[in-house]
2 protein chains.
Amino acid sequence: MEAPQNTKRTKASEPTLKRLPRYLHYLQKAQDKGILTISAPVIGKELQCDPTQVVKDLATTGVKGRPRIGYNIHELIQTIESFLGYNRANEAFLVGAGNLGMAMMSYPDFQRFGLKIVAAFDTNRDKIGRSRSGINILHMNKFQDLARRLQVRIAVLTVPHTVAQEVTDLLVASGIEAIWNLTPSQLQVPEHVIVQNTSMYANVTLLLKKLQEKDESESVQ
Amino acid sequence: MEAPQNTKRTKASEPTLKRLPRYLHYLQKAQDKGILTISAPVIGKELQCDPTQVVKDLATTGVKGRPRIGYNIHELIQTIESFLGYNRANEAFLVGAGNLGMAMMSYPDFQRFGLKIVAAFDTNRDKIGRSRSGINILHMNKFQDLARRLQVRIAVLTVPHTVAQEVTDLLVASGIEAIWNLTPSQLQVPEHVIVQNTSMYANVTLLLKKLQEKDESESVQ
DNA sequence: ATCTAATAAAGAAAAAAATCTTTATATATT
DNA sequence: AATATATAAAGATTTTTTTCTTTATTAGAT
């Protein structure tokens with residue numbers, strides 16, 4: 001355990017990390033169909049992206065392919081999953097059992113992607129004691145104690161944005177090291193805490209802007 | 001209406017488009033506090049991002065600031081909203097009234113960001129006829145007729161990934177031009193159809209990988 | 001009125017990412 | 001066995017995006 005076999009400390013770029021799960025999803029479907037080997041050009045064609053991009057992305061995981069054959073699909077899946085850390089089950093607490101929180105609880109397969117939501121928290125009395133997809137909803141005042149005792153490092157934040165910052169302060173005080181922020185708020189956190197923002201608004205903006213640009217380019221013609 | 005006043009056809013970059021809604025959200029909160037003018041360094045400090053980046057992003061919208069003063073916050077908000085097209089109410093149909101679909105229906109303020117979900121569709125009998133946040137849930141077999149009659153161009157896709165492609169084919173056949181894809185599937189669409197992918201899996205992967213890299217860098221020290 | 005400091009704006013440089021090109025290799029075909 | 005071909009892998013180029021630098025402007029202080 002002293003020397004790492006893989007000296008490939010090739011820190012993958014963010015765009016690459018975002019593409020890898022997509023490849024993985026496609027590869028798993030392909031494997032289910034009984035396919036044994038697959039080439040980068042085929043993946044690129046199917047996922048409508050550049051084949052050399054696929055080769056480059058796969059190369060960062062350290063997997064080796066063979067000319068004229070492609071990659072062994074089983075080995076490829078294993079390597080990507082291991083590279084992304086999907087084998088470890090990272091335990092997480094979800095905070096905010098509203099609509100979005102409930103949706104996240106019943107979102108399928110997070111566990112296959114390395115994330116296991118082990119409990120949910122809210123302050124609404126009507127929700128406490130209930131459960132969703134096997135995840136119990138507890139009162140927020142139990143968060144700090146449980147997070148410390150269970151050594152949970154990750155929180156999924158789905159509270160209303162009006163209370164996002166104050167809840168975040170509690171998470172940080174409870175030892176949370178990584179926050180998946182699904183609120184539109186920009187969270188203030190200490191340097192050692194990781195925040196991953198998933199803004200629905202940014203995405204809807206991008207979509208509408210693309211549509212708008214398409215309209216404009218057509219009207220110009 | 002013949003010649004456009006703004007010859008600034010500065011097509012904004014994708015990263016810029018994703019940042020603008022964040023600025024907007026912060027600016028609106030600042031405006032509520034009664035602030036009248038604001039400078040890029042202040043925005044940058046508050047949102048912990050580079051001040052020159054903020055200046056560049058704001059410049060693409062065409063807004064003008066004044067040295068030593070900053071930007072008029074009201075004018076700034078107006079300009080960004082107009083640039084992003086938030087004034088127009090783009091009507092959309094939501095397809096798939098499951099957990100995520102319901103969450104999207106009750107997601108606040110989409111309309112402020114230019115998107116108005118006017119109806120939802122599903123095939124589950126238990127859901128049809130009900131409504132959520134004032135949005136009625138209709139049977140999927142009414143989709144094509146309604147989309148055409150109401151000239152709805154945008155669809156929000158929140159169906160299970162197993163049926164994502166076949167539903168997409170129906171959307172396209174119904175004249176839908178833009179799809180906000182919240183399933184993990186890579187959709188096959190004709191060239192003229194715009195797809196915006198929002199993958200929860202890509203985001204969770206990014207978070208876990210960042211945490212993993214942090215752990216590794218600490219253990220190396 | 002003049003000077004100073006803060007800041008927008010424009011431009012240059014650097015960094016990052018995507019795309020393109022070349023090379024090498026292994027399989028299938030003749 | 002020799003050749004052609006598909007493909008991975010490595011490298012080079014181009015493009016995009018971010019960061020840095022410089023310049024110009026303006027409010028406030030002296």
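Letters A, B, ... are given to chains in the order of the sequence lines, protein chains preceding strands, and every chain is numbered from 1.
Comparing atom distances between the Y71(B) side chain and each of dA8(C), dA8(D), dC20(C) picks out dA8(C) as nearest. If you check dA9(D), dA8(C), dT27(C) against the side chain of I69(A), the one that comes closest is dT27(C). When each of dT27(C), dT19(C), dA8(D) is scored by its nearest atom to the side-chain atoms of R68(A), the top-ranked nucleotide is dT27(C). The side chain of P67(B) sits closest to dT26(D) out of dA10(D), dT26(D), dC20(D). Taking only side-chain atoms of P41(A), from C-beta outward, the nucleotide of dA8(C), dA10(D), dA8(D) with the closest atom is dA8(D).
Atom pair I38(B):CD1 and dA8(C):C1' shows a separation of 15 Å (rounding to whole Å applied). dT7(D) atom C1' lies 13 Å from atom CG of L58(A), rounded to whole Å. The CG-P distance, from D57(B) to dA9(C), rounds to 13 Å in whole Å.
Classification of R153(B) and D215(A) as a salt-bridged pair holds, one side-chain N sitting under 4.0 Å from a carboxylate O. Under the 4.0 Å criterion applied to side-chain N and carboxylate O atoms, E177(B) and K214(A) are assigned as salt-bridge partners.
Between E14(A) and V42(B), the residue whose closest nucleotide on DNA chain C is further toward the 5' end is V42(B).
Contact annotation: R19(A) side-chain N/O to dA18(C) OP1/OP2 distance is under 4.0 Å. OP1 or OP2 of dT19(C) lies within a sub-4.0 Å distance of a side-chain N or O belonging to Q53(A). OP1 and OP2 of dT16(D) both lie 4.0 Å or more from every side-chain N or O belonging to S13(B). Between R66(A) and dT27(C) there is a side-chain N or O to OP1 or OP2 distance below 4.0 Å.
For S106(A) (side chain) and M102(A) (main-chain N/O), a donor-acceptor pair under 3.5 Å exists by modelled atom type. In this structure a side-chain-to-backbone donor-acceptor pair under 3.5 Å is present from T158(A) to V95(A).
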